[in-house]
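Following: one structure in structure tokens, then a few remarks.
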There are 2 protein chains.
Amino acid sequence: MPTKYDIVKQEIKSRILDGTFQPHQKIPSESELMKQFEVSRHTVRIAIGELVNKGWLYREQGAGTFCADRTHNKRLSSVGSQKNIAIVTTFISDYIFPSIIRGAESFLSKHGYNVSLFSTNNDHDNERRVLEKILTEPFEGVIVEPTKSATSNPNINYYLNIERLNIPYIMVNAFYDELEPLSITINDQKGGYIQAEHLIQLGHRNIVSFFKTDDLQGVKRMKGFIKAHRNHGVTINPNGIITYNSSEKLTKPKEVLTKLLDLDRDSRPTAIVCYNDELAITLLDVLREKNLRVPDDISLVGFDNSFMGNLTEVKLTTITHPQSKLGETAANMIVDLVKEKNGQQKKSAEKVQSVVFEPSLIVRSSTAELNLRKKVTK
Amino acid sequence: MPTKYDIVKQEIKSRILDGTFQPHQKIPSESELMKQFEVSRHTVRIAIGELVNKGWLYREQGAGTFCADRTHNKRLSSVGSQKNIAIVTTFISDYIFPSIIRGAESFLSKHGYNVSLFSTNNDHDNERRVLEKILTEPFEGVIVEPTKSATSNPNINYYLNIERLNIPYIMVNAFYDELEPLSITINDQKGGYIQAEHLIQLGHRNIVSFFKTDDLQGVKRMKGFIKAHRNHGVTINPNGIITYNSSEKLTKPKEVLTKLLDLDRDSRPTAIVCYNDELAITLLDVLREKNLRVPDDISLVGFDNSFMGNLTEVKLTTITHPQSKLGETAANMIVDLVKEKNGQQKKSAEKVQSVVFEPSLIVRSSTAELNLRKKVTK
DNA sequence: TCCGATTTGTTCGTATGTATG
DNA sequence: GCATACATACGAACAAATCGG
């Protein structure tokens, strides 16, 4: 003899199979079903519960119970419950990346996902190997920090393949323009603008800037730097913009700065805009060698609000970066996308969309008003 | 906030994973569990129901509820030739851990393995959750940095279960003594010895030391510190050894040092031994506040040769730590063990065995000979 | 084989909490 | 702010299966 909840279950299943309930359509509420089948709420809940467990329905508290979309769930059933998310970053151990990863890992762990880590060392060949690996293994979602995002990418096809396999992915920090992916970035142009504006407002007119331009962040920060000068009617020092790439980051900026500081007092820069705090700390070494005091002799602005900027004797003026918050946001977004793909999410009422964090200035002690006295002292 | 049935569910799952409930063994009856957890039968049934759904238990009406035998299932799902290695560390984003992880990730990627990351935040509850996850998913090998390695570990059973499932694992930085696992460590006692000896040879007699003693590394470094004093016939300042644990690391050492520096000139320490560079940098802040010059007024020795020690205006004297090399060695070892398990062993001539890295001193500019002039100057 | 104690299975009622629209 | 809908939790009763004596 069939049980009451079995009858309810079968009836609901029938209505799904005969098309009465279309995917993502709301089915009658529990109290409605109580009346229809003349059973208790508990019985209805058991019936629905089993159907949810088998993937026929999904529930949303406060909203209702909905028919799941079972069109392409073969992968899911064959793999079982492997909840793997891949995180691809350029670097693993450097700078603010550990914080970003931690934010994502923390969130994903809490939600029962495994986190697999890959790093490209900002190299396209490595990126390709990583993407091949991801395409081969059963990942449910991917968080990518693009490799050399400012240059054209030879691996675009791999990303298109990921899309074709219906694997959700999002890009953080930057993105490949051709793909127009969901992304989580910060407003780098505005950040660069704020850096420059801060120094301009402090009276500096001869500002030298260093931007790493193999990634989009540097290109945009540079754009902001230029715009700030233009908007404030300040002409940019012709040698005021130095660009470098990842492989040169330990050498070129130091060398160039050393040369610039050897110039005579009048043409020597009075302030430095750095692509990030990491570079600022590196350049601080040069300033110490030259016996220049920060900020009395020269001002210095970093970017990213890295913990590094607080370790030194000079606390860096810098621009905010969400760091672990960014990782967490990315994790949250990818989990939503995975749910949506598996038909466990509402329609498109709240469509997942890209996030842009707005940067702001943190003034510490590496910047000061332009000291005109300097010309007098000696 | 966890629900009651979630608590019951987790607890039952834990007892399965830690071996309390063996396959096909009867678990306590519903009414028994009601008493144990002080919840209604309804709640117990929900908890058990979900575990039955996921295949952890099976019920037999009239007989009881039994632990399912997952060994066959596990093998089946892992046949899919997924090469997953789990890395469990205490922290992900702090200090030298990113470097260790990078070293391991780099090697494992090259050899076609996926790397899944877990962090325990040096908390046993988190460690348990991570180990449960690892036991649930198909991992071929595990690299673990033990959580609170100096204290007795409540999760030993999980490690024994990992052994029972024939999953190779190795411990890095420290290990639980009871398990006698394969491990990759550094000779922390010798490191502590070298730290102290260096200062003693520079003439310091009043040395204060700070050790984080919830991990074995701190305990061993402290042991070396004491031994160095004994071997050189130097008596240890009665208040010369300060211990703290992970949760106090940002507060206690700073507070204690501040007090010690307020002592009169004669009883004030002339040198500081730090558990690691991270602490040294923290304490450097205190010294700056007190307007003490390093190394002229006070010497400072760190440990681990972290990049942090090179960022500041005072370059730290410190002890070497292999960092990414350690991660790489661990990765290499786990790959060998996995191969061995899968019978792809080359020769048994080269048996895999534990590695101990020998530390050495790096003298930079944070230590100097005891300055006797101090008493004269004022 | 039957009995009775135990254990899980089904069903109802009630109450309160929390998210959604 | 309010009604609606799902989520969690307690209690009670009876049915059906199992198992030892």
Side-chain angles (χ1 to χ4, degrees), chain A residues 1-13 15-16 21 24-68 110-112 332 335-336 339-340 343-352, chain B residues 1-13 15-16 21 24-68:
Chain A
M1 188 195 74
T3 60
K4 288 195 184 181
Y5 68 76
D6 253 335
I7 295 170
V8 177
K9 201 171 96 180
Q10 281 310 319
E11 179 56 28
I12 294 174
K13 204 166 159 183
R15 290 190 200 169
I16 295 171
F21 300 146
H24 303 296
Q25 184 188 327
K26 186 174 173 301
I27 73 164
S29 74
E30 290 174 356
S31 49
E32 183 61 36
L33 292 168
M34 282 169 70
K35 282 179 215 158
Q36 282 185 28
F37 294 98
E38 292 184 317
V39 294
S40 73
R41 173 142 180 257
H42 197 112
T43 305
V44 171
R45 278 189 67 75
I46 292 173
I48 292 178
E50 294 200 359
L51 290 172
V52 167
N53 252 308
K54 288 183 183 165
W56 293 91
L57 301 173
Y58 62 94
R59 296 197 258 217
E60 280 188 21
Q61 188 177 166
T65 304
F66 302 84
C67 179
K110 246 179 246 158
H111 289 74
N332 200 332
V335 167
D336 282 350
K339 274 188 193 162
E340 192 176 295
Q344 299 161 13
Q345 189 87 67
K346 269 194 74 184
K347 286 199 227 168
S348 53
E350 218 178 296
K351 184 79 180 169
V352 179
Chain B
M1 186 196 64
T3 59
K4 289 194 181 183
Y5 67 75
D6 252 332
I7 295 169
V8 177
K9 197 172 99 180
Q10 280 309 316
E11 179 57 29
I12 294 172
K13 200 167 160 184
R15 292 191 198 166
I16 296 171
F21 299 148
H24 304 297
Q25 185 189 326
K26 185 175 173 299
I27 74 164
S29 73
E30 289 174 357
S31 49
E32 183 61 34
L33 292 169
M34 284 169 68
K35 281 180 216 158
Q36 281 185 30
F37 293 101
E38 293 181 317
V39 294
S40 69
R41 179 155 172 240
H42 191 93
T43 305
V44 171
R45 278 190 66 77
I46 292 175
I48 291 178
E50 294 198 1
L51 290 172
V52 168
N53 253 307
K54 288 182 185 163
W56 293 91
L57 302 172
Y58 60 93
R59 297 198 257 214
E60 283 185 15
Q61 188 175 167
T65 305
F66 303 84
C67 178

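Predicted model, so just to flag it, every value in this text is computed and none were measured. Order of the sequence lines fixes the chain letters, A, B, ..., with proteins taken first and strands second; residue numbering starts at 1 for each chain.
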Does any pair with a residue in residues 27-57 of chain B pass ring-ring contact (aromatic ring centres under 6.0 Å, His included), and if so which ones, sequence neighbours excluded?
His42(A)-His42(B)
Suppose we screen for side-chain contact (heavy atoms from CB on, under 4.5 Å). Which residues come up paired with Asp6(B), at least two apart in sequence or across chains?
Thr3(B), Lys9(B)
According to side-chain contact (heavy atoms from CB on, under 4.5 Å), who are the partners of Gln36(A), at least two apart in sequence or on a separate chain?
Arg15(A), Pro28(A), Glu32(A), Leu33(A)
Using heavy-atom distances to pick each residue's nearest nucleotide on DNA chain C, tell me which of Ile48(B) and Met34(A) is more 5'.
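Comparing both residues, the 5'-ward one is Ile48(B).
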Taking C-beta and beyond as the side chain, do Val8(B) and Ile46(B) meet within less than 4.5 Å on heavy atoms?
no
Decide yes or no for Lys13(B) and Glu50(B): does some side-chain heavy atom of the first lie under 4.5 Å from some side-chain heavy atom of the second?
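Answer no - side chains too far apart.
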Go through the steps to decide whether Phe21(B) and Ile12(B) satisfy the test side chain to side chain contact (heavy atoms under 4.5 Å, CB included), and finish with yes or no.
CA-CA 9 Å; Phe21(B) 299 148; Ile12(B) 294 172; 4.3 Å; yes
Does Lys4(A) place a side-chain N or O at less than 4.0 Å from the phosphate oxygens OP1/OP2 of dC12(C)?
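Answer is yes, contact under 4.0 Å.
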Establish, with yes or no, whether the OP1 or OP2 oxygen of dT11(C) is under 4.0 angstrom from a side-chain nitrogen or oxygen of Tyr5(A).
no
Sequence neighbours excluded, the answer for side-chain hydrogen bond (donor to acceptor under 3.5 Å, both in side chains) partners of Thr43(B) is Ser40(B)
Neighbours of DNA chain C within residues 35-45 of chain B, by heavy-atom distance under 4.0 Å
Arg41(B), Arg45(B)
Which of residues 58-65 of chain B sit near DNA chain C, with a heavy atom under 4.0 Å from it?
Arg59(B), Glu60(B), Gln61(B), Gly62(B), Ala63(B), Gly64(B), Thr65(B)
What integer distance in Å separates [X]:[atom1] from [N]:[atom2]?
| X | N | atom1 | atom2 | result |
| --- | --- | --- | --- | --- |
| Ile7(B) | dT8(D) | CD1 | P | 12 Å |
| Glu32(A) | dA3(D) | CD | P | 19 Å |
| Ile46(B) | dG9(C) | CD1 | P | 14 Å |
| Glu30(A) | dG13(C) | CD | C1' | 15 Å |
| Leu57(A) | dA7(D) | CG | C1' | 16 Å |

Between Thr65(A) and Leu51(A), does the side chain to side chain contact (heavy atoms under 4.5 Å, CB included) criterion hold? Intermediate values first, please.
CA-CA 11 Å; Thr65(A) 304; Leu51(A) 290 172; over 6 Å; no
Distance from Arg41(B) atom CZ to Ser29(B) atom OG, nearest 0.5 Å?
9.5 Å
